[in-house]
Amino acid sequence: MPNAMTIDTEQLFANLTQPQREAVSHVDGPLLVLAGPGSGKTTVVTRRIANLIANGAAPWEILALTFTNKAAGEMRDRVVKALGGYVDYRNTPTVATFHSFCARQLRRYADAAGLAENYSIYDSADQRDAIKLSLKKADLDSKNWTPGSVAAAISNAKNQLMDAATYSASATDFYTRSISKIYTHYQKILKDNDALDFDDLLMKMANLLRDSEDVREQFQNRFQYLLIDEYQDTNHAQFVIAYALAGGHQNICVVGDPDQSIYGWRGADITNILEFEEHFPNAKIVALGQNFRSTGHIVDAAAGLIENNSRRKHKRLHTELGEGEKPTVSVCLDEHHEARLVTDFFSRLHEEDDLPWKEMAVLYRVNSLSRVLEEAFRKAKIPYVIARGTAFYDRKEIKDALSYLRLVVNPNDEVALRRIINTPTRGIGKTTLSKIELAGVLKQLRLFDSLKEAAMVEGLTTRAVNSIKKFVAMIENWQRAALADASDSLIATNPLAGFVEQVIRESGLEAQYKNSKNNEEDQERLENLSELISASAQFVPEPVFSEGENEEDNEDLTLVRLLAAFLESVALVSDADAIDPESGTVTLMTLHAAKGMEYEAVAIVGLEENLLPHMRAIGNEMEMEEERRLCFVGITRAKRRLQMSRAAVRTHRGMRERTMESRFLSELPSGSIICCDQSFDEDIDDTEAYSPRSDRRLSTSVSSGEFPIGCVVRHAKFGLGTVQAITPRAIGASVSVSFSTVGTKTLILEYAKLERVG
DNA sequence: CTGGTCATTTTTTTT
DNA sequence: AAATGACCAG
């Protein structure tokens with residue numbers, strides 16, 4: 001047990017500004033910390049937690065909620081460090097993401113919440129499948145109702161804590177009434193399958209806290225101090241949860257920045273932070289406006305941009321780190337040229353300034369932009385990683401393996417069952433399945449139960465019945481095996497990996513890829529499957545509660561429970577979780593995933609109308625402001641060097657299109673940026689032959705010596721030719737070549753792929 | 001029932 | 001460009 005005497009409180013207040021000190025020293029009552037980018041938010045939060053403990057709070061009385069697992073992990077580490085070893089891993093504050101906290105507690109209080117303890121969590125793909133099924137059941141044409149738009153509508157409703165019945169009551173027009181119909185069917189499917197989607201995790205938790213006074217009081221007593229990070233991104237459901245948890249003691253500290261609110265599309269309600277004082281009267285408010293991260297011109301550029309927004313709360317940012325270098329804004333020929341510009345920018349910093357790769361990041365609005373960048377990084381031999389934590393779990397073979405595992409935990413999970421019943425193919429096809437289904441519906445059986453009675457269904461071939469029997473026996477066998485005790489898995493090696501391996505083998509997934517001759521791709525799939533086994537081997541379950549009360553919940557750990565916890569952790573990974581600051585590589589990620597990160601050098605690409613700001617935001621002032629905040633988040637990730645760029649021409653869905661400059665570029669204060677046009681005004685045709693307009697920003701570093709005037713070269717399309725002239729430049733060096741076939745052409749050196757032959 | 005080809009559609013961000 | 005869905009031959 002830590003005690004107040006052993007924490008060095010002097011250390012906790014060392015090197016803090018006055019507002020930071022105020023935030024750290026605040027103990028009881030509501031506190032709002034408005035933390036601009038780079039304002040030392042993490043330091044303040046961790047030291048404040050340490051200070052609470054120094055003031056007599058027990059670690060397990062503190063609950064901190066974040067948005068990503070990575071943020072939670074980092075906060076936990078830093079708190080432990082700030083406490084100088086006076087807490088161990090079983091006696092730390094509870095630090096979790098909103099979703100994982102809710103998921104865990106809903107298992108614990110499954111009865112009170114009206115749920116099955118072994119419920120499945122549906123990710124967006126599962127949700128999509130379930131919505132398609134509901135569309136069929138609601139007799140609506142899936143042509144007019146795309147799963148995506150329906151999912152968004154249902155998600156919005158749930159974030160507002162409207163269940164299907166409430167939604168239906170307020171549905172008046174054709175559109176909302178149709179959505180209401182689908183919502184009702186969708187929710188019935190989830191209920192029948194014992195499944196929750198992401199939004200349900202929050203909604204069910206909010207409802208549980210609302211409906212059960214007993215449970216609510218347990219939580220309020222248990223967690224005396226509540227902390228919420230990135231408060232500007234909370235939605236209504238999350239607000240209700242926070243409000244309930246803080247009920248009574250009112251010890252709630254929220255940290256956030258309205259200028260970094262970028263999840264409006266996910267239901268985040270910026271008024272939560274703007275109206276905090278109204279929700280929690282007598283709240284103390286601390287504004288951290290000094291930026292300790294970025295140099296002057298970068299801060300000025302960001303501040304100038306964000307001033308174009310109207311819904312704001314705080315004042316201008318300032319820094320004391322000096323002016324630094326001005327950010328550059330470049331116009332490139334196309335996306336390949338732009339990618340080259342990025343790799344050149346980073347290579348120079350790496351070579352000339354000894355900047356390590358891990359101190360650099362490329363940010364973009366949409367994931368599809370990563371492709372071209374990836375290519376350029378490979379070509380330039382710069383080590384990079386793309387932050388896509390979810391990508392691994394989106395792979396077909398992984399989803400299949402996970403579906404088998406989900407079925408072991410929850411045989412009612414029909415989405416999982418449908419996914420794998422014929423994967424690998426075992427002769428249970430569409431026709432067989434629909435016959436089974438029909439028979440099952442008549443008897444009101446769930447799908448897995450109808451499979452058990454396949455022998456009684458008319459019109460099935462013996463072969464089909466045998467396949468089904470084998471399949472059911474296989475699943476039931478695993479279910480029995482999963483009842484084994486696993487309570488020593490915290491100390492000894494956990495039995496999970498062995499089980500996962502068994503399922504992958506016995507299901508035939510392994511054999512499917514092993515036996516195929518499609519070696520290249522299937523080899524990779526096999527490797528992914530073994531990676532899944534390793535992931536399960538390394539899995540350590542979070543205790544339901546750490547030390548203190550309710551420890552008995554941590555006993556009785558069976559293999560199924562361990563498996564359920566593993567599947568839960570897998571369902572709730574985010575892209576940002578994959579960012580490893582020690583990886584020694586450049587990180588490529590979306591602007592959204594970049595929130596909370598910082599790098600010495602940052603490149604933001606695609607500053608074009610319809611991209612940043614995104615198409616969907618154009619014509620909508622609220623969304624436009626969110627896009628601007630997104631751009632603001634991007635700029636403020638940079639400590640010392642920032643390069644922004646756009647391509648004059650970009651290939652979009654297979655079409656080469658001219659782009660328009662992003663309005664945000666013209667909003668940047670001209671005194672704090674440098675613009676350099678690397679493109680050329682004249683027409684660009686698809687032979688990749690560009691004509692230079694003028695010779696700006698020449699550089700002698702280009703290896704133009706490769707192609708001296710007069711040498712003979714070969715071009716893939718035009719054949720042999722003689723070099724007439726060469727214009728060296730840092731980017732887009734051009735070369736005039738006289739071809740016998742098409743006459744003289746001016747080509748861009750790096751695209752023409754010329755081969756010297758004489 | 002399976003596995004192929006052909007046509008159509010897609011428009012963002014993510015727990 | 002890529003992914004999904006419909007359709008059809010074996």
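Heavy atoms only: backbone and side chains are in, while hydrogens, waters and symmetry mates are out. Chain naming here is simple, since letters A, B, ... match the order of the sequence lines and numbering starts at 1 in each.
Here A:His592 does not lie in a stacked arrangement on the base of B:dT13, lacking the combination of planes under 30° and ring centres under 5.5 Å apart. Stacking annotation: A:Phe198 is not stacked on the base of B:dT14 (requires ring centroids less than 5.5 angstrom apart and an interplanar angle below 30 degrees).
Heavy atoms of A:Lys595 sit nowhere under 4.0 angstrom from any nucleic acid atom. Heavy atoms of A:Thr432 sit under 4.0 angstrom from primed sugar atoms or phosphate atoms, though from no base atom.
Here the P atom of nucleotide B:dT2 and the CD atom of A:Gln512 are 12 Å apart, to the nearest Å. The nearest whole Å value for the distance from the CD1 atom in A:Ile386 to the P atom in B:dT14 is 13 Å. Rounded to an integer number of Å, the gap from A:Ile618 CD1 to B:dT12 P is 14 Å. Taking atom CZ on A:Arg616 and atom C1' on B:dT11, their separation rounds to 8 Å, with Å as the unit. To the nearest angstrom, P of B:dT12 lies 16 Å from CG of A:Asn620. Rounding to whole angstrom units, CD of residue A:Glu625 and P of B:dT13 are separated by 22 Å. Rounded to a whole Å, the CD atom of A:Glu657 is 12 Å from the P atom of C:dA1. In this structure, the CG atom of A:Asp233 is 17 Å from the P atom of B:dT13, given to the nearest Å.
For A:Phe67 and A:Tyr231, the distance between ring centers is not under 6.0 angstrom.
Proximity of a side-chain donor or acceptor of A:Glu397 to a complementary backbone N or O of A:Leu526 within less than 3.5 Å is not detected. At least one donor-acceptor pair closer than 3.5 Å links the side chain of A:Arg629 to the backbone N or O of A:Ser261.
Listed by residue number, the members of residues 361-368 of chain A with any heavy atom below 4.0 angstrom from DNA chain B are A:Arg365, A:Val366, A:Asn367.
For A:Ala593, taking side-chain heavy atoms from C-beta onward, the closest of the listed nucleotides B:dT14, B:dT2, B:dT10 is B:dT14. The listed nucleotides are B:dT11, C:dA2, B:dT2; the one nearest the side chain of A:Arg653 is B:dT11.
Rounded to whole Å, the C1' atom of B:dT12 lies 23 Å from the corresponding atom of C:dG5.
For A:Glu657, the side-chain hydrogen bond (donor to acceptor under 3.5 Å, both in side chains) test picks out no residue, with sequence neighbours left out.
Taking for each of A:Ala571 and A:Glu623 the nucleotide of DNA chain B with the nearest heavy atom, the 5'-most of the two is the partner of A:Glu623. A residue-by-residue look at A:Arg463 and A:His652 shows that A:Arg463 has its nearest nucleotide of DNA chain B further toward the 5' end.
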